[in-house]
> 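Got a structure here, written out as structure tokens. Questions coming.
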Number of protein chains: 2
Amino acid sequence: MTVTIRDVAKLAGVAPSTVSRVIANNPRISDSTKKKVRQAMDYLGYHPNINARSLAARSTQALGLVMPSSANKAFQNPFFPEVIRGISTKAHEKGFALYISTGMNEEEIFDGVVEMVQGRRVDGIILLSTSMDDKIVEYLYVSHFPFTVVGKPYKYEDKISHVDNDNYRAAGELTKHLIDLGHERIAFIGGSLNLVMTTDRLLGYEKALRNAEIPFREDYIFHEEFLKEGGSGAVEALMALEEPPTAFVVMDDLMALGVLGTLSEKGVSVPDDVSVVSFNNVMLAELSTPPLTSVDINIFQLGYKAADCLLDSIENENKPPERIIIPHKIINRMSSAPYKKK
Amino acid sequence: MTVTIRDVAKLAGVAPSTVSRVIANNPRISDSTKKKVRQAMDYLGYHPNINARSLAARSTQALGLVMPSSANKAFQNPFFPEVIRGISTKAHEKGFALYISTGMNEEEIFDGVVEMVQGRRVDGIILLSTSMDDKIVEYLYVSHFPFTVVGKPYKYEDKISHVDNDNYRAAGELTKHLIDLGHERIAFIGGSLNLVMTTDRLLGYEKALRNAEIPFREDYIFHEEFLKEGGSGAVEALMALEEPPTAFVVMDDLMALGVLGTLSEKGVSVPDDVSVVSFNNVMLAELSTPPLTSVDINIFQLGYKAADCLLDSIENENKPPERIIIPHKIINRMSSAPYKKK
DNA sequence: ATGAAAGCGCTAACAC
DNA sequence: GTGTTAGCGCTTTCAT
């Protein structure tokens, strides 16, 4: 039923290995036989069986993607489709397929990764999120299996290839943007401290304050589970302070959307009363009311480069680990405005 | 280097075939040897090579997902992570993995599907979007390859398993919701007419108007490329009419977010001046300002059932095609309110 | 209840 | 430049 390499070989009057070489476009095959073989392939509607190929060649031509727990709200973040788009674009260029592993909890995800690696389902892995004390990173690292992380790994930072933004600088610039607008009471609403990204951004924020000689206030800092409640708890608490902030630095556009909502409910106007700025610059940053000033972290590029880097280290086993920093850019929109004294 | 079934067999003092049977948990193997073999597996850290298994058993334990063109803005819609979460949950239950095929354009995507099918990379395919005159549907259908579509196929509607909402009814109810609030000038902002979903919803909208004896107005109907501009063009045009609508039925939450933005720019207040309702009820419907009245189409379930149905037809080749309708529910939020005469 | 052996469809030495 | 052959690691008759 299935047409195999032998059928093609027979029809073309050559040996199976020759057909195999034609598939691989081996230069040592004469053009005339190539043509002959290709005709036979077309005629028979031949398609290589990938499993057989993988088995024999010990390579799958597939990359594994590890997403955060699907129980996690983060899963719904438009960040993911966009990184995947980047990864997919690069993978496609090199003829690689994507294999996606998910799971309801940390453990399931971990098992999925082990299965991918040991089961030889993929040639390399991209971690789309990582946190402190990540068992997957540990496992992959000691296994010497090719992998790249999107974001900054907590451990082995310079032993693991990763592609990240300069979150420290980005947060600094974003905070400075507010300071330049005259704001001094600037709150920070972050995600889980468990994420390295959060820490980096918090440090950048602190640095910007220090540079401007604005005292750091512990009560202006909030860490909320990403997206849960959309940061409304933080906003409530912050606005109830004796000296409420006049500007908010928010970790993520989706969260900022929630912040915008809560503020509006409380009758606080953005940007007239307070400014709100955030990170990621996903599509909704543009669509929200008011449109959000947001740091474009170039998500597509994050994914594209991660795939690129991974593919390199699959090709060349001894490629040293690499840190790739994707440039960011503050996109100025309506949600931030000069501080107005009341 | 790699530990194979033979290593396990040797250590356990049995034949390779026995080990294979233990993996498959064949009931004809005595408990004592099972135990013995499993110990050996653990001891050696054995993991079956999936490619070898797939090759021999002619089954990959993987499902293929086909997304819309990644050049397409639709790709960024939070709809996708959520369907995938549903699919992944079911797939996981049955020990299936997910392959994702993407591509920059229709053609690349089509080729990817062919490769998945002919290359035996997957046992079945789920189409996450389909349009009229879909070549992929055609191909899969004539190949007799197991597949399911999320949404309604344009052709072969009752010969292809698919899971969908009752978009006709949902749109009807949503429109009626507005009519019940006293609205009569109700606009419809849809996506590409190329999507079957759009047509279904438009028909439902028309039906609701008819039932209420409200005349259908051509100039209240707009079809915009999903998300492009976020429907702002439509809003501009509609509000410039002599008799502008007092309510908007929008195809999608993201688009509705854009509509909200454009209205706010024009100084039109929601829901005081006009009401806006939409579909999908993704997270941002709740986070937007004002929170959106939206039809919860149960995206997770859409994916979960699609996987379920596909897995069934993989197991049982003769399973007749099935249409599965996922229930919807209007979630009432702040963006819709009674019509106020001016 | 278990073993022996023949593939699954392909690649990659090694020949010539 | 092309053919022969031996696997890749597993499943699955067919024996016993």
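Source: prediction; values computed, not measured.
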> NZ of A:Lys34: more than 12 outside heavy atoms within 6.0 angstrom?
yes

> When the distance from NE2 of B:His47 to P of D:dC8 is rounded to whole Å, what number comes out?
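For the pair B:His47 NE2 and D:dC8 P, the rounded distance is 20 Å.
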
> Check every strand shown and say whether B:Thr33 touches a base, only sugar-phosphate, or nothing at a heavy-atom separation below 4.0 Å.
sugar-phosphate

> My validator wants the stems of DNA chain D: runs of 3 or more consecutive Watson-Crick or G-U pairs, both distances under 3.5 Å, written as range with range.
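C:1-16 with D:1-16 - these are the stems of 3 or more pairs that involve DNA chain D.
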
> Mind telling me whether B:Tyr156 and B:Tyr141 have parallel, tilted or perpendicular rings, with 30° and 60° as the class edges?
parallel

> What heavy-atom pair brings A:Thr130 and A:Asp134 nearest, and what distance separates the two atoms?
OG1-OD2, 3.0 Å

> Under 6.0 Å from the OH atom of A:Tyr154, do we count more than 12 heavy atoms belonging to anything else shown?
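No, OH of A:Tyr154 has 12 or fewer neighbouring heavy atoms, counting only those of other groups under 6.0 Å.
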
> Roughly how many Å is it from NZ in A:Lys36 to C1' in D:dG1, rounded to a whole number?
11 Å

> Run the side chain to side chain contact (heavy atoms under 4.5 Å, CB included) test on A:Tyr43 and A:Leu11 for me, step by step, so that the C-alpha distance in whole Å, both residues' side-chain angles and the decisive distance to 0.1 Å come before the verdict.
CA-CA 9 Å; A:Tyr43 181 74; A:Leu11 179 62; 3.7 Å; yes

> For the side chain of B:Thr18 and the backbone of B:Val14, is there at least one donor-acceptor N/O pair under 3.5 Å apart?
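Such a contact is absent between B:Thr18 side chain and B:Val14 backbone.
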
> Could you state the atom-to-atom distance from CZ of A:Arg120 to P of D:dG9 in whole Å?
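Value for this atom pair: 8 Å.
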
> Between D:dC10 atom C1' and A:Gln118 atom CD, what is the distance in whole Å?
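Those two atoms, CD and C1', are 16 Å apart.
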
> Both B:Ala15 and A:Thr4 contact DNA chain C. Taking the nearest nucleotide for each, which residue is further toward the 5' end?
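Checking each residue's closest nucleotide, the 5'-ward one belongs to B:Ala15.
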
> Do B:Asp111 and B:Glu108 come within less than 4.5 Å of each other through their side chains, counting heavy atoms only?
no

> Give me the distances for all protein-to-nucleotides 13-16 of chain D N/O pairs that come in under 3.5 Å?
unit_1 : atom_1 : unit_2  : atom_2 : d
D:dT13 : O4     : B:Arg21 : NH2    : 3.2

> Could you tell me whether B:Glu107 atom CD has more than 12 heavy atoms of other residues or ligands within 6.0 Å of it?
no

> Would you mind reading off the distance between A:Asn26 atom CG and D:dG3 atom C1', rounded to a whole angstrom?
14 Å

> At under 4.0 Å between heavy atoms, what does B:Val19 touch on the DNA or RNA strands: base, sugar-phosphate, or nothing?
nothing

> Can you tell me the distance, in whole Å, between the CG atom of B:Asp7 and the P atom of D:dG9?
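From B:Asp7 CG to D:dG9 P: 9 Å.
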
> Rounded to the Å, how far apart are A:Leu55 CG and D:dG7 P?
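For the pair A:Leu55 CG and D:dG7 P, the rounded distance is 14 Å.
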
> Earliest and latest nucleotide of DNA chain C, 5' to 3', sitting under 4.0 Å from a non-hydrogen atom of chain A?
C:dG9 to C:dC14

> Tell me, do A:Tyr139 and A:Val114 make a side-chain contact under 4.5 Å, heavy atoms counted?
yes

> A:Lys319 and salt bridge (Lys or Arg N to Asp or Glu O under 4.0 Å): which single residue from A:Glu322, A:Glu315, A:Glu317 fits?
A:Glu322

> Write down the distance between CZ (A:Arg58) and P (D:dC8), rounded to a whole number of angstrom.
7 Å

> Would you confirm whether B:Asn316, through its side chain, and B:Ser313, through its main-chain N or O, come within 3.5 Å as a donor-acceptor pair?
no

> Do A:Leu310 and A:Pro146 make a side-chain contact, defined as non-hydrogen atoms from C-beta onward lying under 4.5 Å apart?
yes

> Any idea which of D:dG3, D:dT11, D:dC8 is nearest the A:Thr18 side chain?
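That would be D:dG3.
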
> Heavy atoms only, 4.0 Å cut-off, all strands: where does A:Gly119 land among base, sugar-phosphate and nothing?
nothing

